[in-house]
Amino acid sequence: MRVLVTGGAGFIGSHVVEALGKRGHEAVVYDVRADPASDVRDPDAVRRALVGVDAVCHQAAMVGLGTGFADAAEYVSRNDLGTAVLLTAMAEAGVGRLVLAGSMVVYGEGRYTCGRHGVVRPGPRAVADLDAGRFEPRCPECGAELSPGLVGEDAPADPRNVYATTKLAQEHLAAAWARVTGAAAVSLRYHNVYGPGMPRDTPYAGVASFFRSALARGEAPRVFEDGGQRRDFVHVRDVASANVAALEASSPSGTLVAYNTGSGTPHTVGEMAHALAAAHGGPEPVVTGEYRLGDVRHITADSARLRAELGWKPEVDFEEGMREFARSE
């Protein structure tokens with residue numbers, strides 16, 4: 001299979017390219033980092049790149065929470081306009097297979113259960129609560145403490161920031177394209193991806209990258225809130241193998257199928273910071289109580305559908321992955 005990998009020179013995309021090659025596929029890298037003319041928003045450039053292509057693995061995106069609303073137009077341009085241009089060109093070229101780099105951020109907060117009211121969906125956390133160090137969401141019905149659990153793909157979308165909104169819009173665009181063209185579209189809703197090649201020291205880097213950079217400078221990782229935020233840290237090689245599995249699968253036509261893509265083993269941000277610090281040899285993390293408005297408290301995946309339907313499973317466990325990541329460039 002000849003696969004166009006947008007963002008193929010990036011963190012996740014480069015691992016996807018490597019995984020495709022190991023499976024005997026031909027990966028075509030389309031990335032502004034490798035070629036400034038390879039902008040996914042350029043219709044002519046995209047059309048040329050699609051010649052002879054059997055499928056597209058769409059990794060190109062502006063990622064991260066961002067620093068406010070000032071960069072909203074840039075997020076929408078890169079993520080949503082870029083996806084629309086790509087899908088239009090795919091429809092023209094008759095390329096009928098897409099794997100989209102989705103994200104768990106489309107859910108907002110994760111799944112919560114109240115002892116009295118069952119499954120509930122708390123709203124955004126209040127600034128007053130965060131300032132007072134009250135980080136856990138409360139039941140919107142009775143104000144009681146909640147128990148976090150695993151969120152499934154059928155959970156309602158509730159994006160809480162600009163980036164999350166653009167990732168959901170990408171899925172809607174891909175679903176519309178699939179319906180109109182009869183094509184097959186898969187969205188892999190990545191959880192917290194980490195591993196070799198992860199970007200360093202940018203406003204859009206992931207928390208694991210920030211912690212590793214601090215350790216490399218001899219500084220203690222600064223853990224926001226109380227460190228109890230639950231996440232699913234999934235290794236980039238496992239994410240790459242999920243992309244290959246989705247490309248090779250017989251996905252239904254005329255619709256978009258979403259799959260949570262996580263390790264299936266939740267860990268707190270504090271646990272991750274301590275694991276990295278231990279692998280690096282210190283210093284120990286410092287819990288600051290700071291917060292970022294727009295962050296969610298707990299979001300962890302139920303990846304059972306991906307395992308059952310595509311036969312995928314993660315291979316890199318948390319401890320092994322953190323040891324490797326602490327030593328990687």
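Sequential numbering from 1 along the given sequence is applied to the chain's residues. Here the structure is a predicted model, which is why all the values come from computation and not from measurement.
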Donor-acceptor pair, Asn79 side chain versus Met62 backbone, under 3.5 Å?
yes

Partners of Arg237 by salt bridge (charged side-chain N to carboxylate O under 4.0 Å, His left out), sequence neighbours excluded?
Glu324

Ignoring hydrogens, what is the shortest heavy-atom contact between Tyr291 and Val127? Give both atom names and the distance.
OH-CG1, 3.6 Å

Check the orientation of Phe325 and Tyr194. Use parallel for under 30°, tilted for 30 to 60°, and perpendicular for over 60°.
perpendicular

Verdict with supporting geometry, Val236 and Met198, side chain to side chain contact (heavy atoms under 4.5 Å, CB included)
CA-CA 9 Å; Val236 67; Met198 193 174 189; over 6 Å; no

Sequence neighbours excluded, which residues qualify as side chain to side chain contact (heavy atoms under 4.5 Å, CB included) partners of Arg230?
Pro148, Pro266, Thr268, His298, Thr300

Residues two or more places apart in sequence or in another chain: which of them pass salt bridge (charged side-chain N to carboxylate O under 4.0 Å, His left out) with Asp80?
none

Val28 side chain reached by Arg2 side chain, heavy atoms, under 4.5 Å:
yes

Tell me the closest heavy-atom pair linking Leu50 and Met90, and the distance in Å.
CD1-N, 3.6 Å

With rounding to the nearest 0.5 Å, note down the distance linking OG1 in Thr166 to CG in Leu173.
10.5 Å

Would you please name every residue forming a side-chain hydrogen bond (donor to acceptor under 3.5 Å, both in side chains) with Glu309, sequence neighbours left out?
Tyr259

Quick one: does Ser213's side chain have a donor or acceptor within less than 3.5 Å of a partner on Ser209's backbone?
yes

Give every residue pair that meets the salt bridge (Lys or Arg N to Asp or Glu O under 4.0 Å) criterion with at least one member in residues 169-195, sequence neighbours excluded.
Glu171-Arg189

Ignoring hydrogens and angles, tell me if any N or O in the side chain of Arg125 forms a donor-acceptor pair with the backbone of Asp295 under 3.5 Å.
yes

Side chains of Pro283 and Leu215 in contact at under 4.5 Å (non-hydrogen atoms)
yes

State, with a plain yes or no, whether a side-chain heavy atom of Trp177 is found less than 4.5 Å away from one of Thr83.
no

Would Arg305 and Asp154 satisfy salt bridge (Lys or Arg N to Asp or Glu O under 4.0 Å), going step by step from the backbone distance to the final call?
CA-CA 11 Å; Arg305 179 185 293 180; Asp154 296 330; 3.2 Å; yes

Would you please test Val56 and Tyr30 for side chain to side chain contact (heavy atoms under 4.5 Å, CB included) and show each step?
CA-CA 10 Å; Val56 173; Tyr30 188 87; over 6 Å; no

Could you state the interatomic distance from CG (Asp39) to OG (Ser77), rounded to the nearest 0.5 Å?
7.5 Å

Set out, in order, the CA-CA distance, both residues' side-chain angles and the distance that settles side chain to side chain donor-acceptor pair (under 3.5 Å) for Asn243 and Gln59, then state yes or no.
CA-CA 10 Å; Asn243 275 270; Gln59 304 293 319; 2.9 Å; yes

Could you give me the CA-CA distance, side-chain angles and deciding distance for Asn161 and Tyr75, then say whether side chain to side chain donor-acceptor pair (under 3.5 Å) is met?
CA-CA 11 Å; Asn161 55 60; Tyr75 271 109; over 6 Å; no

Test salt bridge (charged side-chain N to carboxylate O under 4.0 Å, His left out) applied to Glu74 - qualifying residues, sequence neighbours left out:
Arg78

Kindly give the heavy-atom pair with the smallest separation between Leu87 and Leu98, and that separation in Å.
CD2-CD2, 3.8 Å

Please confirm whether the ring centroid of His191 lies under 6.0 Å from the ring centroid of Phe233.
no

With sequence neighbours excluded, what pairs up with His15 under the ring-ring contact (aromatic ring centres under 6.0 Å, His included) test?
none

In the hydrophobic clustering that connects Ile, Leu, Val, Met, Phe, Trp and Tyr at side-chain heavy-atom distances below 4.5 Å, which members other than Leu146 occupy its cluster, ordered by chain and number?
Tyr112, Val120

So which heavy atom on Asn260 is nearest to which on Tyr107, and how close?
OD1-OH, 2.7 Å

Can you confirm whether Glu319 is buried at CD, in the sense that more than 12 heavy atoms of other residues, nucleotides or ligands lie under 6.0 Å from that atom?
yes

Heavy-atom pair of closest approach, residues Glu290 and Phe224:
O-CB, 3.2 Å

Between Lys167 and Pro159, is any pair of side-chain heavy atoms under 4.5 Å apart?
no

Within a strict 4.5 Å, meaning less than it, do heavy atoms of the Arg307 and Pro314 side chains meet?
yes

Checking side chain to side chain contact (heavy atoms under 4.5 Å, CB included) for the pair Ile299/Val151: CA distance, chi angles, key distance, verdict?
CA-CA 7 Å; Ile299 175 68; Val151 62; 3.6 Å; yes

Would you indicate whether Arg111, at its atom CZ, is surrounded by more than 12 heavy atoms from other residues, nucleotides or ligands within a distance under 6.0 Å?
no

Looking at side-chain heavy atoms only, is the closest gap between Cys139 and Arg116 below 4.5 Å?
no

Going by side chain to side chain contact (heavy atoms under 4.5 Å, CB included), name the residues that satisfy it together with Ala178, two or more places apart in sequence or in a different chain.
Ala185

Between the side chain of Glu109 and the main-chain N/O of Arg297, is any donor-acceptor distance below 3.5 Å?
yes

Rounded to the nearest 0.5 Å, how far apart are CG of Asp42 and CG of Leu86?
12.0 Å

Side-chain donor or acceptor of Ser251 paired with backbone N/O of Ala184 under 3.5 Å:
no

Judged by atom type as modelled, is there a donor-acceptor pair below 3.5 Å linking the side chain of Asp238 to the main-chain atoms of Val316?
yes

Here the pair of heavy atoms bringing Ala214 nearest to Ala220 is CB-O, 4.1 Å

Checking the side chain of Asp232 only, and the main-chain atoms of Ser263 only, is there a donor and an acceptor separated by less than 3.5 Å?
yes

For the pair Arg231 and Val296, evaluate side chain to side chain contact (heavy atoms under 4.5 Å, CB included) and give the outcome as yes or no after the intermediate values.
CA-CA 10 Å; Arg231 297 290 188 268; Val296 298; 4.0 Å; yes

Output all residues satisfying side chain to side chain contact (heavy atoms under 4.5 Å, CB included) with Val244, sequence neighbours left out; order by chain, then residue number.
Ala19, Leu20, Arg23, Glu248

Set of salt bridge (charged side-chain N to carboxylate O under 4.0 Å, His left out) partners for Asp31, sequence neighbours left out:
Arg33

If you define the side chain from C-beta out and look only at heavy atoms, does anything of Pro196 sit under 4.5 Å from His235?
yes

With no hydrogens and no angle check, is any side-chain donor or acceptor of Gln170 less than 3.5 Å from a backbone partner on Leu168?
no

Rounded to the nearest 0.5 Å, what's the gap from OG on Ser147 to CD on Glu136? Could you check?
9.5 Å

Looking at Ala60, is its backbone amide N or carbonyl O close enough to the side chain of Thr6 to form a donor-acceptor pair, meaning the two atoms are under 3.5 Å apart?
yes

For Phe318, which residues count as a ring-ring contact (aromatic ring centres under 6.0 Å, His included) partner, sequence neighbours excluded?
His267

Honestly curious: do Leu247 and Val239 fall in one hydrophobic cluster under the side-chain, below-4.5 Å linking rule?
yes

Would you say the side chain of Glu92 lies within less than 4.5 Å of the side chain of Val95, judging by non-hydrogen atoms?
no

